[in-house]
Amino acid sequence: MGVGSYFSWITALSVFAALFSIIYQGYLASGDLKSLTVIIQNLKTLEHQHKVQQPRVAIGYGSCSDLYVKAVDFLNFTSSLDEKLRQTTSFNVDDITSEDEFLQSFAYYFQRGAAAERFTSNKELFQKLVRLAKKHAAAEPRWALGGNAPVIGSRLAAEGATVVLGAKMSSKLKSHLRPDVQLTGSLIEDDDIHLILEYKTGDEWGPLRSPRANRYILHNDHHNPFISSLEEFETALPGFNPHLFVVSGLQMMDNYVYEAGVREGRVQKVNSQMRNQSPDTLIHFEMASFVELELLQLLLEKVVPFSDSLGMNEQELDNLQQVLQTGKISLVADSNPRVALSLDQARTVFRTLNEEYFRQRFKDPSRRMLTRLHLHTLAYQAILVVKDSKWKNTKNAAAKASLTAHRHVCASKIVNPDAAYRLLDDSFATSATPGARRIPFKEQDPVSCWDESIQIDSGRTLEVQICVAPVLICKVAKQTAGAGDNISGAGLVLQI
């Protein structure tokens, strides 16, 4: 064979290999698309299997005006930042006091793809950042109704609930609130503002690269740390008789400097409001990004023991478990944890809190057993419910939470298989314990549910049901802030 013929043969083989690769990739993509379409159809069937019973929901506390910007466009990276960012492997600060601390804090969480919410006592710095954000056209600034309570309440109302909201806001911000949500707080002149820096999977900021889409929130709140809407909310509750009472927004008390006893007094009033609810009213506490140990310990004494249900993401679950087991705050966790690890953490939290409930219930009859825990992560929704408790439709709620996650992050009412991908494995272990059961994933039955017995103490076990639903992750994230609130609201509405 001549040299020319040899190279012609090599060229033909290369072209064939390239064509085969293209055809094979197309075949795989076609298979993935078909699989996602089947999963979506079956999730929707579960979502609509039970009609929402128009529950009455009371939810507090607080509100804010969210200013969204694209993080990597807003924060121009310069070579002078290189040396400062070398410190981010161990950097963390509770109260952001300077621009350098802000950039280092953002870098710390950005490179880990971890959600973060931080307070700055530096009013001048915060106002400067807000002014810059509003004028930064490349960062595409936009305003939206914010705060855990208004967002969860709006989602519940959109799903058919009757909602009473404990919040104060300006008339301008109120115009963004659903008209069917009853606002109990008085109008104020200026809203607290949250600066939300969002980023996508693979976004690059200097030498740093984000492993997943998420957001970093900076705030300088002055209304929310005092739960200023609480008293007016209290006057609206008699006669409403809610099926569900939701406590949220308490992370706004994190690292705020109070006069002696003020914060404890405000949390005690939240505690009293929870105690005053009817035994027939279910109580849900929505966790958040807490970084101050003293506040989280206060909530573990005054709020968590009086809740039937807890909602959280993977960072918040890891943080809660660490505080319960070691007494220390966990600053950051795996942003995409395995199902087995998350379920083990959920069991630990469930077991620890209920052991305390059984020890203390006769001393304080107002305490409540934890009967529901909802974990929302990038790849899956996991809901643990005590069997024969008041919570119902767990499998359907997991499906609805999953679909809501996609719709919110993609900013679309349509769940488009072309815009989604699945991270949940074809099978997963129910625990990291050797020999643990493995659950195969089924397209025709995408929400996996099973029963377990969890030992609480030496002579008591609780029978629970656990359901895990895959999240059809949005390929191009349009919004991540508020996802957890929308997901929690969607999950709750089918369970009450």
Side-chain angles (χ1 to χ4, degrees), residues 63-85 88 91 93 95-147 150-151 169-170 172-173 175-176 189-222 224 252 289 408-412 474-483 485:
S63 68
C64 64
S65 186
D66 284 344
L67 175 56
Y68 290 81
V69 290
K70 291 184 175 181
V72 296
D73 294 307
F74 176 58
L75 301 177
N76 294 321
F77 187 88
T78 61
S79 57
S80 62
L81 284 172
D82 267 335
E83 185 59 37
K84 295 172 183 175
L85 296 184
T88 59
F91 179 86
V93 65
D95 177 7
I96 306 296
T97 61
S98 68
E99 189 170 334
D100 281 352
E101 287 183 348
F102 166 58
L103 292 172
Q104 288 174 296
S105 178
F106 170 79
Y108 179 83
Y109 293 98
F110 172 81
Q111 65 187 303
R112 293 163 174 81
E117 190 165 0
R118 292 294 174 265
F119 172 75
T120 175
S121 59
N122 188 333
K123 184 177 180 180
E124 291 72 24
L125 169 65
F126 187 74
Q127 290 178 337
K128 173 188 172 183
L129 291 171
V130 169
R131 283 197 304 271
L132 291 172
K134 288 193 290 187
K135 297 187 298 182
H136 203 302
E140 299 181 12
R142 60 183 177 87
W143 292 92
L145 174 71
V151 176
M169 59 182 68
S170 67
K172 181 178 180 180
L173 187 60
S175 68
H176 295 279
E189 290 295 323
D190 60 322
D191 297 297
D192 286 332
I193 295 174
H194 288 190
L195 180 59
I196 302 178
L197 291 84
E198 293 202 301
Y199 49 86
K200 298 180 175 65
T201 302
D203 271 2
E204 295 181 353
W205 189 57
L208 307 180
R209 190 173 190 272
S210 170
R212 60 159 287 187
N214 225 319
R215 80 291 185 279
Y216 180 99
I217 302 175
L218 187 69
H219 68 91
N220 178 242
D221 283 9
H222 293 284
N224 290 324
M252 294 300 103
S289 179
H408 178 81
V409 176
C410 270
S412 172
C474 184
K475 288 180 179 178
V476 182
K478 300 291 180 64
Q479 53 188 9
T480 56
D485 295 329

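A quick note: this is a predicted structure, and the numbers were derived from the prediction, not measured. Residues take their numbers from the sequence shown, with the count starting at 1.
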Derivation of the side-chain contact (heavy atoms from CB on, under 4.5 Å) call for I96 and F126: CA-CA 10 Å; I96 306 296; F126 187 74; over 6 Å; no
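- Rounding to the nearest 0.5 angstrom, the gap separating the OG atom in S170 from the NE2 atom in H176 is 8.5 Å.
- Of the possible polar contacts, one joining the N214 side chain to the G113 backbone as a donor-acceptor pair under 3.5 Å is found.
- Counting heavy atoms from C-beta outward, Y108 and R112 have side chains that approach closer than 4.5 Å.
- The closest side-chain donor-acceptor pair between H222 and N220 falls under 3.5 angstrom.
- Note that CG of N224 is 11.5 Å distant from CZ of F119, once rounded to the nearest 0.5 Å.
- The closest donor-acceptor contact from the side chain of H408 to the backbone of A481 lies under 3.5 Å.
- With sequence neighbours excluded, no residue forms a side-chain hydrogen bond (donor to acceptor under 3.5 Å, both in side chains) with Q127.
- You'll find the ring centres of W205 and Y199 outside the 6.0 Å limit.
- Side-chain atoms of D191 do not come within 3.5 Å of backbone N or O of I193 as any donor-acceptor pair.
- Within the 3.5 Å criterion, the main-chain N or O of D73 finds a donor-acceptor partner in the side chain of H136.
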Derivation and outcome, side-chain contact (heavy atoms from CB on, under 4.5 Å), residues L132 and F74: CA-CA 8 Å; L132 291 172; F74 176 58; 3.9 Å; yes
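- Contact of the V72 side chain with the F110 side chain is registered, since non-hydrogen atoms from C-beta on lie closer than 4.5 Å.
- Residues passing the salt bridge (Lys or Arg N to Asp or Glu O under 4.0 Å) test with K128, sequence neighbours excluded: E99.
- A salt bridge is defined here as a Lys NZ or Arg NE, NH1 or NH2 lying under 4.0 Å from an Asp or Glu carboxylate O, and E198 with R215 fails to meet this definition.
- No side-chain donor-acceptor contact under 3.5 Å links S210 and D203.
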